[in-house]
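Quick notes on the structure that follows.
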Amino acid sequence: MESLELRIFREVAYVKSITKAAENMGYVQSNITAHIKKLETELNTTLLIRNNKGVTLTHDGERLLLQAEKIISLLDETSRSFKSSEKSLKIGATQTAAGYLLPQCLMKYKNKFPDVSISVYTLNQNILSAQLGKGQLDCLITNRSQDIIQGKQVFQYPEELLLIAPISCQYLDEVLRYPIITNGIESCPYRKILLNWWYLHQSNLPDIIELDTVEAILNLVANGGGFSLLPKNVLCGRQDIRTFIIEELQSTSIHMWVAKDKHPSEYTALKDILEEELESG
């Protein structure tokens, strides 16, 4: 029994699909199948049952997955202990979180761990999720609620959302005269919630201005260019923007995910700092 076979089996178990596991690991499907078959032959048991939706684990498959988790974790820990003593923290994050939440958190983290090099990536969340599963990221901070199959959620905190508009707007009805300012990511929860709110009150298509950064959105709103929707923490006491609390808006949450083989000691410090920062906001 080799570690590669256990890693392949674990990947298949996570994604519940031989085809998807092959894509994630960069192998052809027949290679994945052959390694699983070899494991089943060595253990003299059936580990997977194929069905129309993919595969499910047998009882013995569940037992092996528990053992595989322990073995792979031990192997990875041993490997890390022989590598360079330089430590790093690689974080995937939404542009909003990277812009308003992480700077303060990383300053506190760096004060506690000055020898750790830190990298933050703000790619598409689907790409970041795949990188987390492949071990290319240590953690992922997102506001999308759907599960990340190859990670485990260790933190969730509700966000308070505010409608933001030019300071000249005294009443909510005035806001609808302005263009919507949002990012260009159609899967972004803030964008979806804002557009849903628009269509509750208007039948016509909105005029939309798309900007890539939170700071650009805030500045355009402050200059009278339109209105937007952002977490309360983003505003940082700005006096040049009007805010409205809309009870009917859907809620969002900040989620922190880590790779499934991560030990608590590797992410607890950052998780605690994130929680402290959100609560203080």
Side-chain angles (χ1 to χ4, degrees), residues 3-4 6-7 10-11 14 24-26 68-144 147-159 212-215 231-237 253-281:
S3 64
L4 176 59
L6 292 177
R7 292 180 191 276
R10 184 181 67 168
E11 182 70 17
Y14 282 169
N24 290 346
M25 300 188 75
E69 291 277 16
K70 296 176 184 178
I71 294 169
I72 293 171
S73 179
L74 182 59
L75 288 171
D76 289 344
E77 184 177 346
T78 302
S79 177
R80 285 194 296 270
S81 69
F82 281 90
K83 289 182 179 179
S84 169
S85 59
E86 181 182 355
K87 297 180 180 179
S88 64
L89 179 64
K90 297 179 180 179
I91 305 169
T94 63
Q95 290 186 352
T96 305
Y100 86 89
L101 177 61
L102 281 182
Q104 299 91 328
C105 294
L106 295 183
M107 285 177 62
K108 293 179 180 179
Y109 187 91
K110 195 68 175 176
N111 286 336
K112 287 187 175 182
F113 307 100
D115 296 331
V116 177
S117 62
I118 300 173
S119 302
V120 178
Y121 304 88
T122 58
L123 301 171
N124 177 285
Q125 291 191 58
N126 292 330
I127 296 175
L128 293 175
S129 299
Q131 290 180 340
L132 181 71
K134 295 176 181 177
Q136 296 170 350
L137 294 175
D138 297 305
C139 65
L140 175 58
I141 299 167
T142 177
N143 53 17
R144 286 170 59 178
D147 287 343
I148 295 175
I149 297 174
Q150 295 173 313
K152 59 182 177 182
Q153 181 174 282
V154 296
F155 176 82
Q156 179 177 342
Y157 197 92
E159 286 186 306
D212 284 341
T213 67
V214 173
E215 191 64 28
K232 178 181 178 181
N233 300 56
V234 170
L235 301 179
C236 300
S253 297
I254 290 289
H255 306 261
M256 179 176 173
W257 299 81
V258 299
K260 290 193 174 182
D261 59 353
K262 287 290 176 185
H263 298 287
S265 60
E266 297 178 284
Y267 59 77
T268 299
L270 180 60
K271 180 179 76 69
D272 291 344
I273 292 172
L274 281 171
E275 187 172 10
E276 177 185 320
E277 187 66 28
L278 286 167
E279 287 180 346
S280 66

Measure the spacing between [atom1] of [X] and [atom2] of [Y] and express it to the nearest 0.5 Å.
X: L106; Y: L270; atom1: CG; atom2: CG; answer: 7.0 Å
X: Q95; Y: Y100; atom1: CD; atom2: OH; answer: 13.5 Å
X: Q153; Y: T142; atom1: CD; atom2: OG1; answer: 10.0 Å
X: L137; Y: L132; atom1: CG; atom2: CG; answer: 6.0 Å
X: L274; Y: Q104; atom1: CG; atom2: CD; answer: 10.5 Å
X: E277; Y: M107; atom1: CD; atom2: CE; answer: 10.0 Å

Side chains of [X] and [Y]: does their closest heavy-atom pair fall under 4.5 Å?
X: T96; Y: P231; answer: yes
X: M25; Y: K134; answer: no
X: I141; Y: H255; answer: no
X: Q136; Y: K90; answer: no
X: I72; Y: S3; answer: no
X: I118; Y: Y109; answer: yes
X: T268; Y: D272; answer: yes
X: N233; Y: L101; answer: no

D76 bridged to R7 by N-O distance under 4.0 Å
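Yes, this pair counts.
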Should the pair K232-E159 be classified as a salt bridge under the 4.0 Å nitrogen-to-oxygen rule?
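So K232 does not pair with E159 through a salt bridge.
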Atom NZ of K271 with >12 non-hydrogen neighbours under 6.0 angstrom
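Above 12, so yes.
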Looking at K110, I'd like to know if its NZ atom is crowded, meaning that more than 12 non-hydrogen atoms belonging to other residues, nucleotides or ligands lie closer than 6.0 Å.
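Counting other residues, nucleotides and ligands, NZ of K110 exceeds 12 neighbours.
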Indicate the atoms forming the closest heavy-atom contact of [X] with [Y], along with that distance.
X: A98; Y: T122; value: CB-CG2, 3.6 Å
X: P114; Y: N111; value: CD-O, 4.0 Å
X: A259; Y: K152; value: O-CE, 3.8 Å
X: V258; Y: C139; value: CG1-CB, 4.0 Å
X: L6; Y: A68; value: CD2-CB, 4.2 Å
X: V120; Y: A93; value: CG1-CB, 4.5 Å

Go through the structure and list residues passing salt bridge (charged side-chain N to carboxylate O under 4.0 Å, His left out) with E215, not counting sequence neighbours.
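Checked E215 against salt bridge (charged side-chain N to carboxylate O under 4.0 Å, His left out); matches are R238.
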Please state whether the rings of Y157 and F155 are parallel, tilted or perpendicular, taking 30° and 60° as the class boundaries.
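The rings of Y157 and F155 lie parallel, inter-plane angle below 30°.
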Do E11 and N24 get their side chains close enough for a donor-acceptor pair, meaning under 3.5 Å?
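There is such a pair between these side chains.
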Taking ring-ring contact (aromatic ring centres under 6.0 Å, His included) as the test, write out the residues that go with Y121, two or more places apart.
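By the ring-ring contact (aromatic ring centres under 6.0 Å, His included) rule, Y121 matches no residue at all.
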Does Y14 have any ring-ring contact (aromatic ring centres under 6.0 Å, His included) partners at least two apart in sequence or in another chain, and if so, which?
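Y14 satisfies ring-ring contact (aromatic ring centres under 6.0 Å, His included) with no other residue.
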